[in-house]
Amino acid sequence: MKNYNQIASDLDQAAHQATAVDQISTSRSINLEESYGIQSISIGRRYQRGERFTGIKLGFTSKAKMEQMGVHDMIWGRLTDHMYIESGSDIQISGYIHPRAEPEIAFLVSRTIDRKLSLDNVKDYITGVAIAIEVIDSRYKNFKFSLEDVIADNCSSSGYAIGPWHPTDTPIEDIDMSINADGEILSEGRSSAILGNPWESAIAAARLTLDNGEILREGDVILAGAATAAHYIQSGQNISARGEGLGEVHFNVK
Ligand code: OOG
Ligand code: MG
């Protein structure tokens, strides 16, 4: 039976080489604590290659996402500078296994989050909100996994693009959001689908990092989790996300 280091290394290699691997849960059972442990070892390998922590992403914060993937609970993973996609730039499909894109809301951290937050004080720690696209690319064959599998795989994190930052008094509680290919809507939804209010994701991110020994500092990013189902992307497409009052973010798939 593979140990945690071997599993973490397999997942890291799968991402690095854009080749899918078997789910862990088909050959052994792991619990949630073990899967976060594997995620941490696996992301450590990225840091060793020189990648830098840039924030965290939440997953399965909307019913649409939980139903699409058949899971039932919120998850979190790490983002690195290597995953950042500049808006308007090209991404190479060959660097991915079976990438999907989804519309997200991003938060920009203004100072070290050293306490649990609430709706009353969350804006004291956040300086901007933006529309974003997350590119998820499960390292598991057929994009199929259990909750434990996907956590170990750093929650499918693969890329993220962020639109223009807006001040924190910009309404984001219940706005229209869409993910589009070549200007055609693939999915649209309301931001209130994200935990009832996307600010709750920033609050959850503060709690999860504090409870798990990560620190969110000035300049770090929080991705709130997608409001709609994710869509496979293909070379030749221009992928964009739009958020009412937040503008647009896009990239080209080569
Ligand atoms: C897991 C990641 C979920 C979200 O926004 O809900 C996620 C997956 O669907 O592969 O990023
Ligand atoms: Mg996501």
Side-chain angles (χ1 to χ4, degrees), residues 8 11-12 14-16 18 35-62 65 74-87 89 91 95-97 99-113 125-139 150-165 179 194-195 198-199 201-227 230 233 239 241 243 249 251:
L11 287 166
D12 178 55
H16 204 54
S35 50
Y36 277 110
I38 294 167
Q39 178 191 130
S40 166
I41 301 170
S42 177
I43 203 86
R45 297 177 69 91
R46 285 177 175 258
Y47 299 152
Q48 272 169 10
R49 288 197 298 272
E51 293 185 35
R52 194 174 53 80
F53 173 87
T54 53
I56 78 159
K57 55 124 349 141
L58 298 189
F60 305 135
T61 49
S62 69
K65 279 290 300 182
M74 198 198 302
I75 58 176
W76 67 280
R78 280 103 167 168
L79 302 172
T80 74
D81 57 343
H82 194 85
M83 300 177 193
Y84 180 68
I85 301 164
E86 201 170 326
S87 185
S89 69
I91 66 166
Y96 299 85
I97 303 167
R100 287 173 160 177
E102 53 190 19
E104 302 244 356
I105 283 178
F107 297 96
L108 183 61
V109 175
S110 60
R111 60 181 168 124
T112 301
I113 301 183
Y125 292 81
I126 301 292
T127 179
V129 295
I131 185 75
I133 304 171
E134 186 180 22
V135 179
I136 51 172
D137 193 26
S138 174
R139 269 55 71 164
V150 69
I151 291 167
D153 182 27
N154 197 26
C155 307
S156 309
S157 308
S158 190
Y160 66 101
I162 299 180
W165 290 111
I179 183 85
I194 306 163
L195 298 177
W199 282 105
S201 280
I203 293 166
R207 176 174 52 80
L208 291 165
T209 46
L210 287 171
D211 285 350
N212 292 283
E214 282 288 355
I215 302 174
L216 287 167
R217 297 184 172 84
E218 180 182 359
D220 288 340
V221 165
I222 298 165
L223 290 183
I233 57 178
I239 301 295
V249 53
F251 57 74

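Model, not experiment: these values are computed from the prediction.
Every salt bridge (charged side-chain N to carboxylate O under 4.0 Å, His left out) that Arg45 has, sequence neighbours left out, goes to Asp12. Take Thr80 and apply the side-chain contact (heavy atoms from CB on, under 4.5 Å) test, not counting sequence neighbours, and it matches Ile43, Arg46, Tyr47, Glu51, His82, Met83. Every residue two or more places apart in sequence or in another chain was checked for a ring pair (Phe, Tyr, Trp, His ring centres under 6.0 Å) with Phe60, and none qualifies. In this structure Phe251 satisfies the ring pair (Phe, Tyr, Trp, His ring centres under 6.0 Å) test with no other residue, sequence neighbours excluded. Annotation: side-chain contact (heavy atoms from CB on, under 4.5 Å) contacts of Ala8 (sequence neighbours excluded): Ile38, Ile41, Ser42. Listed by chain and residue number, nothing satisfies the salt bridge (charged side-chain N to carboxylate O under 4.0 Å, His left out) test with Glu104 (two or more places apart in sequence, or in another chain). With sequence neighbours left out, Thr54 forms a side-chain hydrogen bond (donor to acceptor under 3.5 Å, both in side chains) with Tyr160. Ser87 pairs by the side-chain contact (heavy atoms from CB on, under 4.5 Å) definition with Val249, His250, not counting sequence neighbours. Under the rule for a side-chain contact (heavy atoms from CB on, under 4.5 Å), the partners of Ala14 that lie at least two apart in sequence or sit in another chain are Val21, Arg139. Judged as a side-chain hydrogen bond (donor to acceptor under 3.5 Å, both in side chains), and not counting sequence neighbours, Tyr36 has no contacts.
In this structure, Ile215 CD1 and Ile56 CD1 are separated by 13.0 Å, a value rounded to the nearest 0.5 Å. Here the straight-line distance linking atom CD1 of Ile85 with atom OG of Ser158 works out to 7.5 Å at 0.5 Å rounding. The distance from the CG atom of Asp153 to the CG atom of Leu11 is 5.0 Å, given to the nearest 0.5 Å. Rounding to the nearest 0.5 Å gives a distance of 10.0 Å between CG of Leu223 and CZ of Phe107.
Looking at Ile222 and Ile126, their side chains come closer than 4.5 Å, going by heavy atoms from C-beta outward. The closest side-chain heavy-atom distance from Ile75 to Gln39 is not below 4.5 Å. Within the 4.5 Å cutoff, the side chain of Asn212 has heavy atoms near those of the Trp76 side chain. Between Ser138 and Val150, the closest side-chain pair of non-hydrogen atoms is not below 4.5 Å. Inter-residue side-chain proximity for Val221 and Tyr84 is flagged as unmet; no heavy-atom pair is nearer than 4.5 Å.
At distances below 3.5 Å, not a single donor-acceptor pair connects side-chain atoms of Asp220 with backbone N or O atoms of Val109. Proximity of a side-chain donor or acceptor of Asp137 to a complementary backbone N or O of Ile97 within less than 3.5 Å is detected. The backbone N or O of Cys155 lies less than 3.5 Å from a partner atom in the side chain of Lys57, making a donor-acceptor pair.
For the pair Ala230 and Arg100, the tightest heavy-atom approach, listed with the atom from each and the gap, is CB-CB, 3.9 Å. The shortest non-hydrogen separation linking Phe53 to Leu216 is CZ-CD2, 4.1 Å. Nearest approach of Pro99 to Val135, heavy atoms of both residues: CB-CG1, 3.8 Å. Scanning both residues, Asn154 and Gly77, for their nearest heavy atoms gives OD1-CA, 3.2 Å. When all heavy atoms are compared, the tightest approach of Ala106 to Ile162 is CB-CD1, 4.2 Å. In terms of heavy-atom proximity, Pro164 sits nearest to Ala130 at O-CB, 3.5 Å.
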Verdict with supporting geometry, Trp199 and Val129, side chain to side chain contact (heavy atoms under 4.5 Å, CB included): CA-CA 10 Å; Trp199 282 105; Val129 295; 3.8 Å; yes
Are Ile179 and Glu102 close enough, and set up right, to give a side chain to side chain contact (heavy atoms under 4.5 Å, CB included), and what steps lead you there? CA-CA 6 Å; Ile179 183 85; Glu102 53 190 19; 5.7 Å; no
Evaluate Leu58 against Ile194 for side chain to side chain contact (heavy atoms under 4.5 Å, CB included), listing each step before the verdict. CA-CA 10 Å; Leu58 298 189; Ile194 306 163; over 6 Å; no
Throw together a table of side-chain donor-acceptor distances under 3.5 angstrom for residues 201-210, partners on residues two or more places apart or in other chains.
from	atom 1	to	atom 2	distance (Å)
Ser201	OG	Ala224	O	2.8
Thr209	OG1	Ala205	O	2.8
Thr209	OG1	Ala206	O	3.0

